[in-house]
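Report on one structure; see the data block that follows.
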Number of protein chains: 2
Amino acid sequence: MAVSKGRVLNQIRQLRTQAGLTQQDFANLVGATRQTILAIEAEKYAPSLELAFRMARALSVPFETLFQFEEEVAGPRN
Amino acid sequence: MAVSKGRVLNQIRQLRTQAGLTQQDFANLVGATRQTILAIEAEKYAPSLELAFRMARALSVPFETLFQFEEEVAGPRN
DNA sequence: TCGAAATGACAAATATGTTTTACATACCCC
DNA sequence: GGGGTATGTAAAACATATTTGTCATTTCGA
């Protein structure tokens with residue numbers, strides 16, 4: 001890999017708070033820790049595919065509602 | 001985490017071959033190596049979320065057509 | 001204003017995903 | 001049979017995700 005080819009955005013915080021869940025609540029629901037939720041909401045890194053699926057299911061939203069892929073804006077400015 | 005809570009299935013091989021792509025072709029398209037494609041097709045592990053998105057895009061199929069989450073079959077036999 | 005609950009940061013350790021290199025097998029087709 | 005292409009295996013090194021533990025800051029209700 002090496003060159004970043006895009007990034008994954010998520011609406012976790014918005015949908016989690018709408019559902020009235022704390023980070024800890026949500027972490028328990030999806031079987032992860034609070035720090036993991038925090039890091040992912042802050043987009044420090046993207047969740048694993050499995051965790052992503054559990055998150056969408058826990059919030060009862062379609063996968064693509066929760067996660068979007070944003071292509072690199074092009075710029076061959078490397 | 002620790003306890004496995006389900007697994008991610010994929011239809012990569014089927015859709016890749018339908019598209020007339022070799023593992024190497026596909027790897028190039030998504031910016032990964034042939035071994036990565038091989039391992040993921042064999043479900044040795046699941047792709048990262050970003051790679052998963054690139055795969056779906058490369059094959060021009062909806063995300064959920066390519067990947068499905070299968071819940072653990074229950075068994076509170078822990 | 002006190003205290004508890006929720007959130008944010010950060011580092012070390014572990015787990016999982018990805019690359020690189022190398023070799024083996026199978027299939028064609030010439 | 002020999003050469004090329006596609007696929008499978010495997011190990012080491014590296015990158016990223018996740019946990020565990022700990023502390024700081026914010027928020028909010030009693």
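The chains referred to below are lettered A, B, ... by the order of the sequence lines, with proteins before strands, and numbering in each begins at 1. What's counted below: heavy atoms across the whole structure, side chains too, no hydrogens, waters or symmetry copies.
- At a threshold of 4.0 angstrom between heavy atoms, the contacts of A/Thr22 are confined to the sugar-phosphate backbone, with no base atom among them.
- The shortest side-chain heavy-atom distance between B/Phe67 and A/Phe53 falls under the 4.5 Å cut-off.
- Closest to the B/Thr33 side chain, of the nucleotides C/dT7, D/dT7, C/dT20, is C/dT20.
- Among the nucleotides C/dT19, D/dT19, C/dA22, the one closest to any side-chain atom of B/Arg34 is C/dA22.
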Quick one: do A/Thr17 and A/Arg13 satisfy side-chain contact (heavy atoms from CB on, under 4.5 Å)? Show the steps, please. CA-CA 6 Å; A/Thr17 55; A/Arg13 175 154 320 191; 4.3 Å; yes

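- Taken over five-pair windows at either terminus, the axes of the helix from C/dT1-D/dA30 to C/dC30-D/dG1 are inclined to one another by 40° (rounded to 10 degrees).
- Protein atom CZ of A/Arg16 is 10 Å distant from nucleotide atom P of C/dA6, rounded to whole Å.
- As rounded to whole Å, 16 Å separates atom P of C/dT18 from atom OH of A/Tyr45.
- A side chain to side chain contact (heavy atoms under 4.5 Å, CB included) with A/Val30 is found for one member of A/Ile37, A/Leu59, A/Asp25, A/Thr36 and no other, namely A/Ile37.
- If you take CD1 of B/Ile40 and P of D/dG8, they are 14 Å apart, rounded to a whole angstrom.
- Whole-Å rounding puts the B/Leu51 CG to C/dT16 C1' distance at 14 Å.
- Inter-residue side-chain proximity for B/Leu9 and B/Arg7 is flagged as met; some heavy-atom pair is nearer than 4.5 Å.
- The side-chain heavy atoms of A/Phe26 and A/Met55, taken from C-beta on, include a pair separated by under 4.5 Å.
- Relative to the side chain of A/Leu38, the nucleotides C/dG8, C/dT18, D/dT9 differ in distance, and C/dG8 lies closest.
- In this structure, CD of A/Glu43 is placed 16 Å from P of D/dT16, rounded to the nearest angstrom.
- Linking ILVMFWY residues whenever their side-chain heavy atoms come closer than 4.5 Å, directly or via other members, places A/Tyr45 and A/Leu49 in the same cluster.
- Minimum atom distance to the side chain of B/Gln35 is reached by C/dT19, of the listed C/dG8, D/dA17, C/dT19.
- OP1 or OP2 of C/dG8 sits under 4.0 Å from a side-chain N or O of A/Arg13.
- When rounded to the nearest whole Å, the span between CD of B/Gln24 and P of D/dT7 equals 10 Å.
- Closest to the side chain of A/Ala46, from the set D/dT18, C/dG8, D/dA17, is D/dA17.
- Atom P of nucleotide D/dT20 and atom CD of A/Gln23 are separated by 17 Å, given to the nearest angstrom.
- Taking atom CD of A/Glu50 as the reference point, atom P of C/dA15 lies 16 Å away to the nearest angstrom.
- Here B/Arg16 pairs with B/Glu41 in a salt bridge; the nearest charged N to carboxylate O distance falls below 4.0 Å.
- The residue among B/Ala42 and B/Ser48 whose nearest nucleotide of DNA chain D lies closer to the 5′ end is B/Ala42.
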